[in-house]
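Below you'll find the structure, written out as structure tokens, and then a few comments.
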Amino acid sequence: MLDIPQPRPRRSPRPRLKVSDEARFFKGWLQRPLIMGAVSPSSRSLGRAMAAYVPDPSAFDETSRVLELGPGTGVVTQCLVDRGVPESALVLVEYSREFCVLLKARFPKAHVIQGDAYDAAVTLGPWLDGCRLEAVVSSLPLFTKPDGKREQVVGGSLKEMRPGAPFIQFSYALTLPVKPERIEAQLQTSPWVKRNLPPARVLVYRAA
Ligand SMILES: C[S@@+](CC[C@H](N)C(=O)[O-])C[C@H]1O[C@@H](n2cnc3c(N)ncnc32)[C@H](O)[C@@H]1O
């Protein structure tokens with residue numbers, strides 16, 4: 001049999017996009033290190049670990065919403081869509097204008113809001129009026145804020161959700177950004193996601 005040389009597979013555009021996401025992210029970190037909280041985007045492994053805690057989207061109705069805080073380049077957002085969360089059910093609150101432009105292009109049916117996630121009027125504004133908040137998924141660098149602000153964003157979100165609905169946060173730290181007893185919540189923690197650099201774990205707060 002003839003050994004016919006195969007043409008080299010063409011590289012898909014995805015890796016190039018990823019490289020530019022990393023460059024974009026690093027530039028953001030140089031400009032605003034405390035807002036970014038990390039030098040590179042989250043890994044898909046971490047995104048999938050976070051998305052796994054969102055309740056089964058097959059039980060959602062048309063009023064269901066999933067609020068994502070600090071979606072950045074949209075790695076976690078894509079994992080939420082892959083889990084089955086309808087793009088139109090996503091409310092994305094991101095501080096960076098540049099990332100908002102990117103998110104609108106990547107998730108055209110999602111509600112993208114440029115604003116401060118610590119401002120309750122923004123996060124719990126008209127986009128959630130009359131809606132069922134199924135989960136909050138946060139990549140906010142909570143440790144750059146004082147305790148009171150962290151407790152307010154996690155505890156305040158839990159008050160808006162039905163009992164048992166999760167506030168899902170990732171963290172690189174061994175200590176907790178919010179002590180669950182301070183906000184009358186229960187906490188579940190995932191195993192460390194070692195394929196993320198640095199390794200991170202998922203913290204899931206639910207109203208006690
Ligand atoms: C650790 S990075 C997000 C990583 C994201 N999962 C990704 O892979 O691109 C934190 C993100 O939170 C955003 N952020 C930080 N503080 C914020 C705030 N107060 N309100 C909204 N977004 C904020 C930053 O702009 C950044 O995009």
Side-chain angles (χ1 to χ4, degrees), residues 14-15 17-54 66-83 85 90-107 110-125 127-128 135-157 160 167-173 177-178 190 193 195-204:
R14 202 167 175 80
L17 247 181
K18 193 161 177 283
V19 169
S20 77
D21 275 357
E22 268 154 16
R24 216 178 253 127
F25 204 96
F26 187 62
K27 187 176 138 218
W29 178 78
L30 288 174
Q31 291 166 341
R32 297 182 299 268
L34 293 183
I35 295 281
M36 295 302 290
V39 290
S40 62
S42 313
S43 66
R44 284 184 62 76
S45 307
L46 180 58
R48 278 194 291 265
M50 294 175 85
Y53 288 100
V54 170
V66 172
L67 174 63
E68 192 183 350
L69 307 179
T73 55
V75 174
V76 177
T77 320
Q78 184 59 54
C79 293
L80 294 171
V81 171
D82 294 345
R83 169 144 173 80
V85 176
L90 288 168
V91 179
L92 313 176
V93 178
E94 170 55 54
Y95 194 84
S96 151
R97 182 167 306 165
E98 189 187 354
F99 286 160
C100 285
V101 171
L102 196 67
L103 291 163
K104 276 183 189 153
R106 288 185 177 165
F107 307 99
H111 309 263
V112 179
I113 297 147
Q114 191 200 351
D116 182 354
Y118 294 93
D119 178 355
V122 170
T123 42
L124 306 171
W127 306 274
L128 296 171
V136 178
V137 182
S138 164
S139 297
L140 295 174
L142 292 177
F143 278 107
T144 60
K145 296 288 181 190
D147 286 354
K149 282 228 160 195
R150 299 181 213 165
E151 289 165 10
Q152 184 193 318
V153 74
V154 182
S157 300
E160 296 301 318
F167 184 104
I168 303 161
Q169 171 74 43
F170 88 79
S171 178
Y172 304 124
V178 174
S190 77
V193 180
R195 295 180 77 177
N196 195 73
L197 276 178
R201 61 181 173 163
V202 184
L203 311 174
V204 186

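Predicted model only: the values in this text are computed from it and were never measured. Counting starts at 1 for both ligands and their atoms, following the listed order.
Nearest protein heavy-atom contact of atom 20 (N) of ligand 1 is A117 N, 2.8 Å. Annotation: atom 7 (C) of ligand 1 to nearest protein heavy atom, T73 OG1, 3.6 Å. Residue, atom and distance of the protein heavy atom nearest to atom 1 (C) of ligand 1 are M36 O, 3.2 Å. For atom 19 (N) of ligand 1, the closest non-hydrogen atom of the protein is D116 OD1, 2.8 Å. Scanning the protein heavy atoms around atom 17 (C) of ligand 1, the nearest turns out to be L140 CD2, 3.6 Å. Closest protein heavy atom to atom 15 (C) of ligand 1: I35 O, 2.9 Å. At the top of the distance list for atom 25 (O) of ligand 1, counting protein heavy atoms only, stands E94 OE2, 2.5 Å. Y95 N, 3.1 Å is the protein heavy atom nearest to atom 22 (N) of ligand 1.
The local environment of CZ in F107 is crowded, with over 12 non-hydrogen atoms from other residues, nucleotides or ligands closer than 6.0 Å. Summarising the local packing, CZ of R195 is surrounded by 12 or fewer heavy atoms from other residues, nucleotides or ligands at distances under 6.0 Å.
Taking a cut-off of under 4.0 Å to the non-hydrogen atoms of G72, the atoms of ligand 1 that pass are 9 (O), 27 (O). Under a 4.0 Å criterion applied to the non-hydrogen atoms of G115, ligand 1 contributes the atoms 20 (N), 21 (C). Each of the following atoms of ligand 1 lies closer than 4.0 Å to a heavy atom of S139: 1 (C), 3 (C), 6 (N), 10 (C). Interface atoms of ligand 1 facing V75, defined by a heavy-atom separation under 4.0 Å, are 8 (O). The Y118 neighbourhood of ligand 1 comprises atoms 19 (N), with distances under 4.0 Å to a heavy atom of that residue. Atoms of ligand 1 lying under 4.0 Å from at least one heavy atom of V76, given by number and element, are 6 (N).
Ion pairing of K149 with D116 is absent here, as no side-chain N (NZ or NE/NH1/NH2) approaches a carboxylate O to less than 4.0 Å.
Which of S42, G70, P41 comes nearest to atom 12 (O) of ligand 1 through a heavy atom is settled by distance: it is G70.
Of all heavy-atom pairs spanning P41 and D21, the tightest one is CG-O, 4.2 Å.
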Just do the side chain to side chain contact (heavy atoms under 4.5 Å, CB included) check on W127 and L67 with the steps written out, would you?
-> CA-CA 10 Å; W127 306 274; L67 174 63; over 6 Å; no
Under the side chain to side chain contact (heavy atoms under 4.5 Å, CB included) rule, what do R150 and D147 come out as? Steps first, then yes or no, please.
-> CA-CA 5 Å; R150 299 181 213 165; D147 286 354; 3.4 Å; yes
Please walk me through it: do F99 and L92 pass side chain to side chain contact (heavy atoms under 4.5 Å, CB included)?
-> CA-CA 11 Å; F99 286 160; L92 313 176; over 6 Å; no
Begin with the C-alpha distance, continue with both residues' side-chain angles, and end with the deciding distance and a verdict on side chain to side chain contact (heavy atoms under 4.5 Å, CB included) for F26 and M36.
-> CA-CA 9 Å; F26 187 62; M36 295 302 290; over 6 Å; no
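An N or O contact shorter than 3.5 Å is missing between S96 and ligand 1 by distance. In terms of polar-atom proximity, F99 is not counted as a contact of ligand 1, lacking any N or O under 3.5 Å from an N or O of the ligand.
The shell of residues lying under 4.0 angstrom from ligand 1, judged by heavy atoms, excludes S40. Residue contacts with ligand 1 include P141, since one or more of its heavy atoms lies under 4.0 Å from the ligand. At least one heavy atom of P71 sits less than 4.0 Å from an atom of ligand 1.
A perpendicular orientation is assigned to the rings of Y172 and F170, their planes being inclined by more than 60° (bins at 30° and 60°).
Between L90 and V81, the closest side-chain pair of non-hydrogen atoms falls below 4.5 Å.
Between the side chains of Q169 and S138, at least one donor N or O sits under 3.5 Å from an acceptor N or O.
Side-chain N or O atoms of R44 include none that pairs as donor or acceptor with a backbone N or O of C79 at under 3.5 Å.
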